[in-house]
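A short worksheet on the structure shown next.
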Amino acid sequence: MLRDTYIGLVDDSFIGKHVKLAGWIDSIRDHGGVLFIDLRDKEGKLQAVLEESENKELYDIAKHFKEESVVLVEGLVRRRPSGTENPKIKSGNVELLIERIELLNASETLPFPIDDNIDISEELRLKYRYLDLRRPKFQKAIKTRSKALKITRDFFEENGFYEIETPFLIKSTPEGARDFLVPSRLHPGKFYALPQSPQLFKQILMVSGFDRYFQIARCFRDEDLRSDRQPEFTQIDFEMSFVEESDIMEISEKLLSKLFLELLGIELNIPFKKITYKEAMERYGSDKPDTRFGLELVDLTDIFKNTNFNVFKSALEQKGIIKAIKINKILSRKEIDNLTEYVKGLGAKGLAWGKVENGEFNSPIAKFLADQEVKAMLSRLDAKDNEMIFFSADKPKNVYKILGNLRLQLGKMLNLVDESKFEFLWVVDFPMFEYNEEEGRLEAMHHPFTSPKTEDLDKIRYIIDKENKEDIINIGENIGARAYDIVLNGVEIGGGSIRIHNKDVQKLVFKILNISDEEANMKFGFLLEALKYGAPPHGGLAFGFDRLMAMMLGFDSIRDVIAFPKTQKGTCLLTGAPDIVSDKQLKELHIKIT
RNA sequence: GGAGCAGUAGUUCAGCCGGCCUAGAACGCCGGCCUGUCACGUCGGAGGUCGCGGGUUCGAAUCCCGUCUGCUCCGCCA
């Protein structure tokens, strides 16, 4: 080794010892006669001193060293002269008296400083990712992420799970996200897909009898990016045989408890609260509600069922609903305008609002409302003076989207969110299917391998060959799924289900999804086949590991917990991927670019 | 595919409602001074095709159109 120990590990116990250290120059202070060089490595920092009177030759060289250069330093660790200790750093009582300093690799002036407290544009950060990652908070993030993986592996190991790797080059399947495709050289015109998740393989491992499986799995989805979505991301994926929902929830809660305790020293209250999908939508307008604050949605549909106000009336005529959110503050005209712009961006036509002042309901829409409607509404909302109400009247889906997002926006604006809290929530009783208006068919809300609620199997059989759209929607969307999501502070950090282990049920579900027998056999034949040979009841869950880490470390974007993330356009600014390839490569792959 | 925000010294920003802008500040950088600093101090200096292209105008960083890049959101994400 070039060094005796880590720079950041030198402390009082090293006093009087002669050490050899290697690392980066964090900063240099030239005092004319005495030179301070702060050294840094992954464990921390240490001040090194060089006095001109001791070694003039070395002093004259070293004072021109630049920050972030890599050096090898030898010297004596000594107690700092009294009065010059620095309590702000771990090694603040000691310093290294430099006897020898060798420049291993000089650094050019950096494009940006290595400092936690400075905001650098994302573009520069990603281009110079290796420098960005030198910043202490990202050193910590990557270290914590590594520890989390270790804790996770230990946890599953202790609980009888096998870590089993599943392939990256797999068959493309319909449904779900867009696949990343990989051309096959050996099979002209054919493609592999990268897995969106190890879903089918883990089910098949249950058929193999492994009973408990887990994997820290990289997943790939060719969809547009968001602050919490990258084209490749990591899941903590697991599956268990002979289980029910409660078993999966229990093991999930235990894992999270362990991670929070060991990484953050926080004890979680388990079991977590549960809320049904229906209740979540009705109260929060979201299937991943942030329950750290109130501002719940209040239903006013019945109050306005005979209203003459055209906006409400026409919404109701189209099977719409009317809901409202109340806040205990009167916003300025400008703030209201901003919120109106915000909801318009979500597809709202406008934003109806009103305020209560001196017992009066003042609102641009007040004159359209009947007295008893106003009275009933205010009483249901328990609206008092200096409170404000926002309305949405539309199809349920739109009302939830608009008020659900408005609620989050208002929560932020009014500072109602306690950022120090971690509120976990299970969302249960998801519908099995959702009607897709464009394609005119039902779609799996979770995925097509999710088991329907046993008591709803008859409904599936009933609508299987119905043509009537109303039936399909009304009954189809009321079939329950044995699916569950786990939500933390309004972010979906995991989801799973009890799967179908019976081939006939699986065939029925494919049928409802308009996947013909032929197509089902072609795309999922191997699964249907596997289900024939003693497939045990099974279920599982997958955590979005990047999201979980971002939440635990207090980052807004998962990019900050991924060493080499992609931009919103899916490019890697460090390496320049994706890029063109040679004609030779294309030819070998039998691919022509149009 | 759509909406919004941003792009000005190496960095972070100000300037932007047309004219002392011959574009400023801070940090960084370069040089000098300084023996105890740790956001060192101090004196001096260099550094910019205002993302790119076009238009309006006597005159554009500033107004208009297009375009590229980054970010946030909608659609999409079983």
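All values below were derived from every heavy atom in this structure, side-chain atoms included, with hydrogens, water molecules and symmetry-related copies excluded. Labels below follow one simple rule: chain letters A, B, ... track the order of the sequence lines, proteins then strands, and each chain is numbered from 1.
At a cut-off of 3.5 angstrom, the base of C77(B) holds at least one donor-acceptor pair with the side chain of Arg229(A).
The closest side-chain donor-acceptor pair between Glu443(A) and Asn436(A) falls under 3.5 angstrom.
A distance of 10.0 Å separates CD of Gln568(A) from CD of Gln230(A), quoted to the nearest 0.5 Å.
Each of G1(B), U69(B), G10(B) was ranked by its minimum atom distance to the side chain of Asp224(A); first place goes to G1(B). The nucleotide whose nearest atom lies closest to any side-chain atom of Lys401(A) is, among G70(B), C74(B), G10(B), C74(B).
Here the C1' atom of nucleotide A39(B) and the CG atom of Asp116(A) are 14 Å apart, to the nearest Å. Arg226(A) has its CZ atom 15 Å from the P atom of G70(B), to the nearest Å. The interatomic distance linking Lys288(A) (NZ) with C77(B) (P) rounds to 14 Å, in whole Å. Between Lys569(A) atom NZ and U67(B) atom C1' the separation is 11 Å, expressed in whole Å. For the pair Asp560(A) CG and C71(B) C1', the computed distance is 12 Å after rounding to whole Å. For the pair Leu194(A) CG and C77(B) P, the computed distance is 18 Å after rounding to whole Å. Here the C1' atom of nucleotide C38(B) and the CG atom of Leu50(A) are 16 Å apart, to the nearest Å.
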| request: Do nucleotides 28-37 of chain B as a string where each nucleotide becomes B, S or -: B if the base has a protein heavy atom under 4.0 Å, S if just the sugar-phosphate does, - if no protein is that close. | output: -SS---BBBB
| query | Which parts of nucleotides 3-9 of chain B does protein reach within less than 4.0 Å, heavy atoms only, written one letter per nucleotide 5' to 3' as B for base, S for sugar-phosphate only and - for none? | reply | -------
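Judged as a side chain to side chain donor-acceptor pair (under 3.5 Å), the pairs with a partner in residues 107-125 of chain A (not counting sequence neighbours) are, in order, Lys66(A)-Thr109(A), Glu122(A)-Arg559(A), Arg125(A)-Asp132(A), Arg125(A)-Asp560(A).
Base pairing of U62(B) is not made with any nucleotide, judged by Watson-Crick or G-U wobble geometry with both donor-acceptor distances under 3.5 Å. Taking a pair to require two hydrogen-bonding distances under 3.5 Å in either a Watson-Crick or a G-U wobble arrangement, U69(B) pairs with A6(B). Across all strands shown, A14(B) forms no Watson-Crick or G-U wobble pair with both key distances under 3.5 Å. With both pairing distances under 3.5 Å, G44(B) is matched to C30(B) as a Watson-Crick or G-U wobble pair.
In terms of phosphate contacts, Ser121(A) brings a side-chain nitrogen or oxygen within less than 4.0 Å of OP1 or OP2 of U12(B).
Closest-nucleotide positions on RNA chain B for Ile120(A) and Met445(A) were compared, and the one nearer the 5' end corresponds to Ile120(A). Comparing Ala444(A) and Gly347(A), the nucleotide of RNA chain B nearest to each residue sits closer to the 5' end for Gly347(A).
Checked options Pro198(A), Cys219(A), Pro195(A); the residue passing with Phe168(A) is Pro195(A) (criterion: side chain to side chain contact (heavy atoms under 4.5 Å, CB included)).
Atom CZ of Arg79(A) sits in a sparse spot, with 12 or fewer heavy atoms from other residues, nucleotides or ligands closer than 6.0 Å.
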